[in-house]
Structure formats: structure tokens, C-alpha cells
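Each chain gets a letter, A, B and so on, in the order its sequence line appears, and its residues count up from 1. In this text, all values refer to a predicted model and were calculated from it rather than measured experimentally.
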Amino acid sequence: MSRLRSVLSTVAAEQRKAMGLFLTNGFPDLESTVPLLRALEAGGADFLELGMPFSDPLAEGLPIQHSSAQALAGGVQMEDAFRTVRAFRENSDTPLLLMGYVNPILQYGPDNFCAAAGSSGADGLIIPDLPPEEAGLITEPAKKHHLDTIFLVAPNTPGGRAQAIDRLSEGFVYAVSVTGVTGAPLEHRMDTVVQYLARVRTIIQHNPLLAGFGVRTAEDARQLCRHADGFIAGSALVPVIETLWKDETLSMARRIAGVQQFARRLSAAAAPHPRLL
Amino acid sequence: MSTFAYSAPDARGRYGSYGGAFVPEILIPELHALSEAFAAAWASDNFLQAYHGLLREYVGRPTPLTFAGRLTEALGGPRIYLKREDLCHTGAHKINNTVGQILLARQMGKRRIIAETGAGQHGVATATVAAKFDLECIVYMGAEDMRRQHLNVERMRLLGAEVRPATSGRQTLKDATNEAIRDWVSNPDSTFYIIGSVVGPHPYPLMVRSFHRVIGDEARMQLREVASREAPDAAIACVGGGSNALGLFYPFLQDTAVELIGVEAAGEGLAGRHAATLSCGTPGVLHGAYSYLLQDGQGQVALAHSVSAGLDYPGVGPEHAYLRDLGRVRYVVATDTEALEAVRLLSRMEGIIPALETAHAIAALATLAPRMERNAVVVLNCSGRGDKDMTTIMEADVAS
């Protein structure tokens, strides 16, 4: 069993929900990325996602467009993702997934990429612009290098297709909460989101189901977790980090503590609680 | 007639290894529905009647095939015929496609139309048909393009469309396309995305080619009348995404006696900033398709440059990538300066002010002409008219 699956099983056994947190590699700068990942881990993240920035991130809303652009402006490259993973892995067993768009992976070479990701200590891949139909070029080398490949379902994914995605996914199935880009607000449509997750919950049999996109508060996360095994947040961290790093009176330790505190507040949604009906 | 079998794309939307659909999951069910709707429409007499009826009575087709006598003389041959897409309603070939796609949108029950635009010609053509069919219309346009193509921004607004500036990146066509795709991801139920070129995920490249092939089909029939022949010796057109070129080329693809020449924008020259994707790019994925693109060694998409907003794009349609690799179409380039000179050339010689995009094809033909047979017949796609470019042309005059 992969490290990711094993952690998600433990979480389920403890009758709580999993929390996955996303961070763009090199945002706000490369030196801060590993300390930030550790802060998210200390704040209660069960697994982490490291974003590999891309010039044209189609599925992202403004916050992650911004973090990607800032990372690229800082000169972040693919090798830096492997460096970050290696440094993080030196003293952590928390699962770490790489998330990024297909083109930089194609240019690196899918096999070289999976080999480097695997040997640096990454646990899996999420590639939002790689639907199952086109995924063969990544799933083969990913399997060879022991990387889980996570595929996404959306509110408009037909049932039969969601079943096929469940069979193809390794690690978990990522339920996109709304038809929208990352960070799209969930308020005013939470009822629809919860109904959709209840429906998709009955379809996904082989994998844990984690929901993401638009989670800003513990309450958002709690709602998504009513019919999911956990949640993922990312966009909400961008303004938090931005604000802390802009305040020049704050020490690095204070900034890191601020991020950890934010993660801790979100993780309240993941704590064991009576099963909601 | 020498021929070769050509059947691209396959069922997965692949042109050789190019094409496909590299998009977020949300768009997959939409693309499947679109593929089905398009296939049904393209096989339906009712749909084709409505489409060709609009082309005839609204767009003003067939467009003439004009013999460019003075230009032919000035270049010392070949015999140049201009396919006059500049005479289409709204001033460019783009409306052939928007007419087709808006009929599909209506058939699919979509009430909200979105589009991306570079030069503004596709935006105007979309706003026009949206007005005619009473559908809400939002056009994404790079903030930089809104400045250099201001006239088209005002035209779109007059037609009732909302023009939303794209402010990321270089603020040109690539960035407008990103914004349009994000809108579509956010509103898949209500919205039909009218893509303006033979780019994007399957079935768009196929669909847009199909709606523009009328250019080549007409040229073939008209050549019979004006030159007593079925096909030209060569056909030439500018290539940004590549829609007008494919519209002209497609009906001649299997006839290998016809030399096909695509002209990309060399901008400041291939050593500097340019938009010559097929000439200088490498394969990769942009905007949902695997094709050639301008990118760095890290797979980050590079910034394109052309004086012509319609060619200022770091990608190109996947079918052009395939035709390049097959060697069926030859791709050459023309610089900003050459294109600006070609605007003057055609204006003075034929009394036709071409769009800066079109001018790239004219410039390349002027370069190639001395090496062509004097009596050879060449069809040049006069893809659009130049009114929209007057500011750019005047600014270039002041600078030179």
C-alpha cells in the first residue's frame, strides 16, 4: 500500500477526515517553501500538495494564478520541485503529491519526470489538464516509479464516467466541488455541492473521495466532508501567506506560526466528531 | 491528378500525434456533447441549409475571386487571384465560423456566448451573430490588444457585447484565451464557447475547419470559371492559429499538385521577438491541444510578438502541426516591416487595403514570386480588410 493510501486508511480508522493542503513551490520564494510545508504539516495536514508553477494555469482562479506567476518570476524551475521534495522528505513521512500542468512534464519527459519525482520522495501526481483519455503517457511511467495518479471528477461528470475514473485513480479520487476554477466561492451554493457529493459518494467505490476547490473556512470544509473522506484547500492560503510576508515587522518564525495557525483552524473540520446524518 | 489519402482527425481528434483534448475534467462532458451535436448537424440537411443560407444572405457569400492584375505585373508573375474574404460581412473570414457555431449553440439550447479575440475580428464576428440571434455575448480580449484594435472594441460594444480585458501575461490573444476557458469551466451549463481558430481541444479544430472550408470550395469552382482549371498551382495564406489558411487549403489537401504555403509572423525577425510557431517552436500542449508552440526549455509558454494582433499567438492549430510534419504545407515567414510594406503594396496596386494579418501572406508571395512560373496560378487568401489596423499603420509611418 502506498504511503498516501496508508495515511488515508489510518485517518479513516481514526474516524476523522483527511486534510490536504496545497502550496505553490517558490511562493512567496523558494527559501520559504520547505518551512511552509512543515508549518502546514504541524498545523494538521495529513498530506500536502506541491504546485509546480505553469505560465498558463487554466484551472486556477486568481490566487493560484498569482502564486504561480510570482514563483515563475522568481525563476522557479522543475528541478526545484524535486529539491523541495527531497528537503522535505529528509525528516517527514507525510505524503507529498506534485500538482502541475501537463506541458512542463512533457518537456521534461514523462519518464524522466516520474523517475525524478519518485526518487526525490514524492508520492503521487495530480495533473488537472490531463483527463483519463490522454493520461496513458503519464500513468505508465508513474506506476513504474511508484507514484499514485489522482484523477478528478466534477459536478457534471456522468456516473459511468465517474466509475471509470475511480478505477483509474490511485490514492484517492479528487472531487472538484463546483464547476469553476480553484478558489471559486462556495457560499450560496453549498446545498448543491453537498447534494452532488452525496451522489458521487455512492459511485466511488475503490478509492477514498476527497473534495476540494473553494474551501476558505473550517465550516466550508466541514460541509464538504459530510459526504467525503476529506478536503483539500489551497487558494485560501495565498492571501494569508501574502499578508504575513508583506508585513516587514514580522520575523520568519512569526510568519510560519501564522500559517500554521491558519492550517490548525481549518483542521478543526477534520477532527473526529459524531457522524453527521 | 496526384493525390494522397487524408482522413485526419481520427475519432479521438488526433491529427497524427497532434490534437486531442487536454482540458480539465469539467470540460470533457461539454466537449463530448459538442462533438455529438456537431457531427449530427454536419450530417443534417436542415442545419446545412440554415448555415449556407446565412452565408449567402447574411455574410454575402460567395466572395469574389479577384484577379490582381497590377500586382501580378509588378511582381512579374505568377498570376495572382485574391479570395476576397475581406468582403465578408464584418470584414474578415471569421464570420463563416461564428455563423456555424452560433447555429450549433442555439441547437444545444445555450443562451450565453463567450469568445476570445486577438485582432478583434473574431470578437466582432461573434458579437454580430450573437446580436442577430439575441444571445448574451462576452468577449475576452487582451488589454494590449484592446488598445491597438480600439475600433473593434467599439464595434463589439455597439453590437451589444461585453468586452472583458485579459490582464495577465502580455495581455494579448493567449491570455484572452485563458480567460475564456476559465469562464467556460465556471459556466459549462449555460455557455457556448465560440473558439475563433482551428485551435483548442477536439472537436474545435475539426469544427472550425469545416465551417471555413467554404473558402477553398468556392475558390475551386471560381477557378473553373475565371481560369478554366480545377485547382491553382499554389495557395497561400497567413497562419496565426491557422483558420483562414486551413479553410482555403483543406479542399486542396489531397491534390498534391497544389503547393500550399502558410505564412507565419516573424515579428522583429526570427532572431528577435516573433510568432513563428511552426518555424521555430517545438511540440507541446497549449489551450487543450498538442501542437507546436513557442516555449522555453522548462515548458513555460513563451511570449509571442507580431505587429498583427491576429497572428500574435505562441500556439498554432494541431492540423497545421501535422501538415508541417507531413511536408504537405510549407511554412514560411514575413516580418512586421515586410507586412507593413505589403499593406501599402496591395493598397496602391489593387485599391484593396488588407488586414495586417493578410499582409503577411502578400509579403511572402512577393518574396517567393521570382522563383515561381510566370504563368502559374496562385490563390492568395485575402482574409480580412485593414480598416481596423489604421492606427498601427499610422504609428508605424510616424516611427519610420
Side-chain angles (χ1 to χ4, degrees), chain A residues 52-62 65-66 68-69 71-72 75-81 100-109 113 127-135 137 151-158 160-162 165 173-176 178-185 213, chain B residues 11-14 17 19-33 166-170 174-191 200-202 281-291 293-303 314-315:
Chain A
M52 302 171 287
F54 179 50
S55 54
D56 294 80
L58 290 180
E60 313 299 346
L62 285 172
Q65 286 179 44
H66 170 69
S68 302
L72 288 175
V76 169
Q77 303 204 339
M78 188 69 93
E79 290 294 344
D80 295 311
Y101 288 78
V102 70
N103 194 54
I105 296 173
L106 289 179
Q107 300 318 310
Y108 200 89
F113 172 81
I127 307 169
D129 61 344
L130 192 74
E133 287 82 352
E134 309 287 357
L137 75 173
F151 289 91
L152 298 88
V153 296
N156 58 344
T157 306
R161 183 174 171 83
I165 288 169
V173 169
Y174 190 143
V176 175
V178 294
T179 50
V181 292
T182 52
F213 279 37
Chain B
R12 292 172 57 224
R14 291 287 186 155
S17 58
F22 295 83
V23 293
E25 178 61 29
I26 293 167
L27 296 183
I28 297 288
E30 302 305 312
L31 291 169
H32 286 171
T167 54
S168 59
R170 272 275 314 286
K174 178 189 77 135
D175 314 296
T177 308
N178 288 340
E179 288 309 317
I181 294 174
R182 289 184 187 119
D183 182 315
W184 195 24
V185 165
S186 305
N187 304 284
D189 289 343
S190 63
T191 299
H202 179 66
T282 49
V285 170
L286 176 65
H287 295 148
Y290 185 61
S291 182
L293 60 119
L294 298 176
Q295 58 186 327
D296 67 15
Q298 290 283 314
Q300 307 296 342
V301 181
L303 302 176

From CZ (B:F22) to CG (A:L106), nearest 0.5 Å: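 One gets 6.5 Å once the value is rounded to the nearest 0.5 Å.
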Do the non-hydrogen side-chain atoms of [X] and [Y] ever get within less than 4.5 Å of each other?
X: A:V176; Y: B:I26; value: yes
X: B:I28; Y: A:E133; value: yes
X: A:D56; Y: B:L286; value: yes

With a 4.5 angstrom heavy-atom cut-off, is it the side chain or the backbone of [X] that approaches chain B, or both, or neither?
X: A:V181; result: both
X: A:L72; result: side chain
X: A:P128; result: backbone
X: A:P132; result: side chain
X: A:I165; result: side chain

Would you say [X]'s side chain and [Y]'s backbone share a donor-acceptor pair under 3.5 angstrom?
X: B:E25; Y: A:L130; result: no
X: A:Q107; Y: B:Q300; result: no
X: B:Q298; Y: A:Q77; result: no
X: B:R12; Y: A:E134; result: no

Chain B interface, residue from A:Q65, A:E60, A:M78 that has the most non-hydrogen pairs under 4.5 Å: A:Q65
Considering all heavy atoms, the nearest [X]-[Y] contact:
X: B:G299; Y: A:F54; answer: O-CE1, 3.3 Å
X: B:L293; Y: A:N103; answer: CD1-ND2, 4.2 Å
X: B:H287; Y: A:L58; answer: CD2-CD2, 4.3 Å
X: B:V301; Y: A:S55; answer: N-OG, 2.9 Å

Top contributor to chain A contacts, counting heavy-atom pairs under 4.5 Å, from B:A21, B:P201, B:G284: B:A21
Structural part of B:P24 lying under 4.5 Å from a heavy atom of chain A: both
Segment of B:I181 engaging chain A (4.5 angstrom heavy-atom cut-off): side chain
Stepwise side chain to side chain contact (heavy atoms under 4.5 Å, CB included) test for A:T179 and B:D189: CA-CA 9 Å; A:T179 50; B:D189 289 343; 5.9 Å; no
